[in-house]
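Just so it is clear, the values below take in all heavy atoms, side chains as well, and ignore hydrogens, waters and symmetry mates. Atoms within a ligand are numbered from 1 in the order they appear, just like the ligands themselves.
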Amino acid sequence: MTQDLTPSSVSLGSVAAPARVLIADDDQTMCAFCSLALTQSGYEVVVSSEAEAALIALREHGPFELLLADIQMPGLSGLELAQTAREHDPAIAVVIMTGHTSLDTLHGAVRRGVADYLSKPFELEELRDAVDQALQKRRLLQESLRLRALEQLLSSSEAINATLDRGQLAQVILARARAHVPSLAGFLLLDGAAGLPSQVIAAPTGATLLAAGRTVAAQALSEGRATAIAADEPLCAVDEQRPTRGLAVPLRAQNEVVGVMLLSDDRADLVSVGAQEILSLLAIQASNALRNAQLFGELDSAYRSLRELDRLKSEFIAIASHELRSPLSIVMGYARMVRDRSEGDQRDYAGRVLEGAERIKGIVDDMMRLHDFDRKQSALTIEPWPLDELVRQVIEQLVASAQQKGQQLLSALPEAPLTLRMDREKARLVISNLLSNAIKFTRADGTIQVVLERWPHERLLAAVSGAAPNPTLRQLTAATPQAWAVVRVQDNGIGIARDQQARIFDRFYQVASSLTREQGGVGLGLAIVGDLATLQRGVIWVESEQNQGSVFSFALPYEL
Ligand code: ADP
């Protein structure tokens with residue numbers, strides 16, 4: 001017997017359809033009387049005048065909410081029939097009709113969960129009252145069972161959400177399923193190729209899924225609905241036992257079937273409607289958790305490979321910069337010597353070799369600095385220092401490059417010294433990086449201006465509010481000094497498109513590929529600038545328009 005139940009038909013609310021009653025009495029006149037009375041009261045009635053036929057009706061035409069049975073029937077007593085009915089569905093209400101009532105009979109009836117009995121002959125009203133009350137009791141019982149089930153489901157949900165490890169999760173899901181629906185064995189299979197379940201990922205030790213069990217799982221999986229089965233063949237083997245009943249529930253997340261859960265036992269109530277309801281609800285939670293665990297697993301492995309890649313990159317930077325240093329100092333040393341000892345063309349050539357080597361040294365130094373940041377080995381030397389003086393020195397250092405390009409380099413610095421506590425050398429590196437970028441990315445006849453000002457905190461907040469995010473801005477929530485010393489490097493060069501502005505602070509990122517653009521560099525400057533600024537609670541931001549120019553601002557907390 002197979003009975004299907006789509007998860008969508010599972011509900012915890014009351015059932016609106018008329019209650020179904022099974023009447024079992026070998027007295028056909030009695031059957032007809034009860035059937036007429038109950039049908040008139042709005043019940044759906046199935047009648048059987050033999051105990052055997054009633055058993056078949058219970059199995060094949062159920063579920064019934066109520067069994068109304070005569071206590072004395074040839075073959076099987078009404079009480080035995082009640083017991084079988086309750087094994088099949090523990091929630092079924094039972095009313096027994098009896099000609100004579102002994103105390104013994106009453107005890108037996110109570111033991112078998114009989115809700116009420118009717119002494120023959122009884123009036124129509126008595127019959128209706130007894131049936132109504134028994135159904136009312138059943139409803140109350142069901143409500144409290146559902147509440148208990150909901151509580152258990154809630155605690156299952158906590159347990160299920162406590163892990164993101166797929167294997168562990170499968171074990172938890174299966175353990176919870178078997179706690180809700182006690183069963184000899186349980187299996188959790190993931191959706192495999194060609195719609196067939198594969199990979200038993202959780203099963204109790206000593207249990208083996210047999211071919212018939214796989215078929216049931218495959219059926220539930222392909223149909224996408226809960227399937228209860230009482231098969232002819234055993235579904236699984238657990239030590240010496242070979243249960244033939246099973247309940248398979250597909251696991252779906254976001255309309256996609258991700259696997260199937262199969263519980264197996266010989267108990268008749270394993271395939272009851274209540275068990276299917278609970279399991280289907282659990283399946284919804286389980287499926288989502290499994291799906292999340294799967295996504296988390298994929299994300300985690302992607303993250304691991306990215307981290308590994310990052311480690312390799314850092315290692316490469318460390319080795320390359322270290323290995324380049326010694327040969328580079330030899331090249332620079334000899335180039336300097338040759339330049340100083342020679343004249344004419346030769347002196348000129350040696351000078352160019354030296355310039356080139358110095359550019360390589362700049363890159364190697366940048367790589368070393370990044371390596372130091374990564375290993376948190378950049379120590380700070382904080383002391384009071386006039387920032388205006390520092391800006392002046394950087395300008396002096398770079399004015400020749402700007403002039404060589406035919407650019408105008410202007411500055412607007414405060415007249416009084418602007419002294420603050422900072423790491424002078426690191427601040428110098430930041431400003432000279434920003435200024436050399438401005439020179440690099442501005443046309444020959446362009447203008448560059450360096451401005452130094454003292455800003456109140458609110459002005460800085462307003463200025464960064466529209467800026468593209470970068471790591472230095474993240475610390476603004478924590479760092480709230482009253483005022484800031486702000487160095488602004490403004491150019492009317494090539495500018496940076498809005499969608500690139502958040503990326504230029506990434507390591508090795510360049511708006512135009514270094515292979516195609518005219519300017520040199522490897523895309524490390526702003527990454528270093530960002531790290532250096534962060535180290536001393538400084539912030540950097542950029543305002544730029546493509547083909548219009550850029551303003552890079554570097555702000556340090558103004559505190560003494
Ligand atoms: P590099 O200068 O070595 O390319 P940076 O990290 O200093 O690397 O800069 C990253 C990218 O940001 C540059 O390649 C360039 O595309 C862009 N950029 C930086 N400063 C400016 C600027 N003042 N004007 C236009 N683009 C700039």
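Under the 3.5 Å distance criterion, with hydrogens and angles disregarded, no donor-acceptor pair is assigned to the side chains of Arg252 and Ser287. Thr442 and Gln407 share no donor-acceptor pair across their side chains, judged by distance under 3.5 Å alone. Neither side chain, Glu383 nor Trp385, offers a donor N or O lying under 3.5 Å from an acceptor on the other.
Close approach of ligand 1 to Tyr509 is summarised as follows: ligand atoms under 4.0 Å from at least one heavy atom of the residue are 10 (C), 11 (C). Atoms of ligand 1 found under 4.0 Å from any heavy atom of Gly523 (numbered from 1 in listed order, with element): 1 (P), 3 (O), 4 (O), 6 (O), 8 (O). Proximity to Val522 (heavy-atom distance under 4.0 Å) selects the following atoms of ligand 1: 3 (O). Applying the 4.0 Å criterion to heavy atoms of Val511 picks out, from ligand 1, the atoms 14 (O), 16 (O). Listed by number with element, the atoms of ligand 1 under 4.0 angstrom from any heavy atom of Gln510 are 1 (P), 3 (O), 4 (O), 14 (O).
By the 4.0 Å N-to-carboxylate-O rule, Lys313 lies too far from Glu308 to be salt-bridged with it. Between Arg307 and Asp300 no salt bridge is recorded (no basic side-chain N to carboxylate O distance below 4.0 Å). A salt bridge links Glu389 to Arg392: one of the charged nitrogens lies within less than 4.0 Å of a carboxylate oxygen.
Residue Phe552 places a heavy atom under 4.0 Å from ligand 1. The closest approach between any non-hydrogen atom of Lys440 and ligand 1 is below 4.0 Å.
Considering only heavy atoms from C-beta on, Arg507 comes within 4.5 Å of Asp531 through its side chain.
Here Ile496 has side-chain heavy atoms under 4.0 Å from ligand 1, and that is the only part of it that gets that close. When non-hydrogen atoms are compared, ligand 1 lies under 4.0 Å from neither the backbone nor the side chain of Leu434.
Among Ile448, Asn433, Asp491, Ile504, the residue whose heavy atom lies nearest to atom 12 (O) of ligand 1 is Ile504.
Annotation: Phe441 places no N or O atom under 3.5 Å from an N or O atom of ligand 1; distance criterion only. An N or O contact shorter than 3.5 Å is missing between Ile494 and ligand 1 by distance.
A 6.0 Å sphere centred on CZ of Phe508 holds more than 12 heavy atoms belonging to other residues, nucleotides or ligands.
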